[in-house]
Amino acid sequence: MNSTHSSPVSIPSVDYFGLEIPFLAHLGVVPEYAKEGKALISLDLKPEHLNSFQVAQGGVIMAILDFAMSAAARSTFNHPLGATTVDMTTSFLRPSRGKLMIEGTVLKSGKSIQYCEAVVINAAGEITAKSSGSFMLRAK
């Protein structure tokens with residue numbers, strides 16, 4: 001049996017509000033802003049993001065919702081480190097296609113946990129998915 005190892009693909013470095021996140025760079029996520037408990041990111045869907053129905057695969061949608069909420073959580077305190085997802089619930093409301101905008105918002109800022117929500121919005125201005133979650137800011 002022959003084992004071949006491919007060399008790692010070079011992924012461009014992107015500043016995700018002070019963090020380097022290769023997975024998001026690989027997806028093509030574009031950071032727009034994160035400040036005062038709100039975050040906005042975008043993703044222009046490509047064929048590799050799609051499922052057999054030719055719409056965004058659910059895991060891609062959950063990944064971008066998760067990041068939008070964690071970026072919003074970090075922005076509340078200008079936290080330089082990451083945020084750990086404690087829990088997350090997602091609802092898929094309609095198929096996601098084309099260019100997507102993802103808005104994350106902190107609903108309640110606790111001493112150790114940030115309670116957040118996020119929505120995915122398509123080019124027609126429709127919400128295609130929504131999520132809520134709890135995030136713990138990473139300690140130094």
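Quick caveat: nothing in here was measured; it's all calculated off a predicted structure.
The minimum heavy-atom distance linking Gly37 with Thr76 is given by the pair CA-OG1, 3.6 Å. Here the closest non-hydrogen pair linking Ala129 and Ile61 is CB-CG2, 3.6 Å. Closest of all the heavy-atom pairs between Ala63 and Leu27 is CB-CD1, 4.5 Å. Taking every heavy atom of both residues into account, Pro95 and Val55 meet most closely at CB-CG1, 3.6 Å. Looking at every heavy atom in both residues, Ile41 comes nearest to Phe17 through CG2-CE1, 4.1 Å. Closest approach of Gly82 to Leu19, counting heavy atoms only: CA-CD1, 3.9 Å.
A 6.0 Å sphere centred on CE of Met136 holds no more than 12 heavy atoms belonging to other residues, nucleotides or ligands. For Glu126, the CD atom counts as densely surrounded, since its 6.0 Å shell holds more than 12 non-hydrogen atoms of other residues, nucleotides or ligands.
Here the straight-line distance linking atom CD of Gln54 with atom CG of Leu45 works out to 11.5 Å at 0.5 Å rounding. For the atom pair CD1 of Ile102 and OG of Ser42, the computed distance is 6.5 Å after rounding to the nearest 0.5 Å. Within the model, atoms OG1 of Thr89 and CG of Leu65 stand 11.5 Å from one another, a figure rounded to the nearest 0.5 Å. Atoms NZ and OG1, on Lys38 and Thr105 in that order, are 4.0 Å from each other to the nearest 0.5 Å. Here the CZ-OG distance, from Arg138 to Ser70, works out to 12.5 Å after rounding to the nearest 0.5 Å. Remark: Ser96 OG to Leu43 CG distance equals 9.5 Å, nearest 0.5 Å.
Residues Met62 and Phe53 do not share a hydrophobic cluster, defined by chaining ILVMFWY side chains whose heavy atoms lie under 4.5 Å apart. By the criterion of side-chain heavy atoms lying less than 4.5 angstrom apart, applied directly or through intervening Ile, Leu, Val, Met, Phe, Trp or Tyr residues, Val120 is grouped together with Phe92 in one hydrophobic cluster. Hydrophobic clustering, with ILVMFWY side chains joined whenever heavy atoms are under 4.5 angstrom apart, groups Phe23 together with Met69.
Side chain of Tyr16 to backbone of Val29: a donor-acceptor contact under 3.5 angstrom is found. Using modelled atom types, no side-chain atom of Arg74 and backbone atom of Leu137 make a donor-acceptor pair closer than 3.5 Å.
Through side-chain heavy atoms spaced under 4.5 Å, either directly or across other Ile, Leu, Val, Met, Phe, Trp or Tyr residues, Leu93 is tied to Val119, Ile121, Ile127. Within the hydrophobic cluster formed by Ile, Leu, Val, Met, Phe, Trp and Tyr side chains joined at under 4.5 Å, directly or through other members, Met101 is accompanied by Tyr33, Leu40.
For Ser132, there are no side chain to side chain donor-acceptor pair (under 3.5 Å) partners two or more places apart in sequence or in a different chain. Legend: residues meeting ring pair (Phe, Tyr, Trp, His ring centres under 6.0 Å) with Tyr115, ordered by chain and number and at least two apart, are absent. Remark: Gln57 pairs with no residue by the side chain to side chain donor-acceptor pair (under 3.5 Å) rule, at least two apart or across chains. By the side chain to side chain donor-acceptor pair (under 3.5 Å) test, Asp87 is found to be paired with Ser134, residues two or more places apart in sequence or in another chain being considered.
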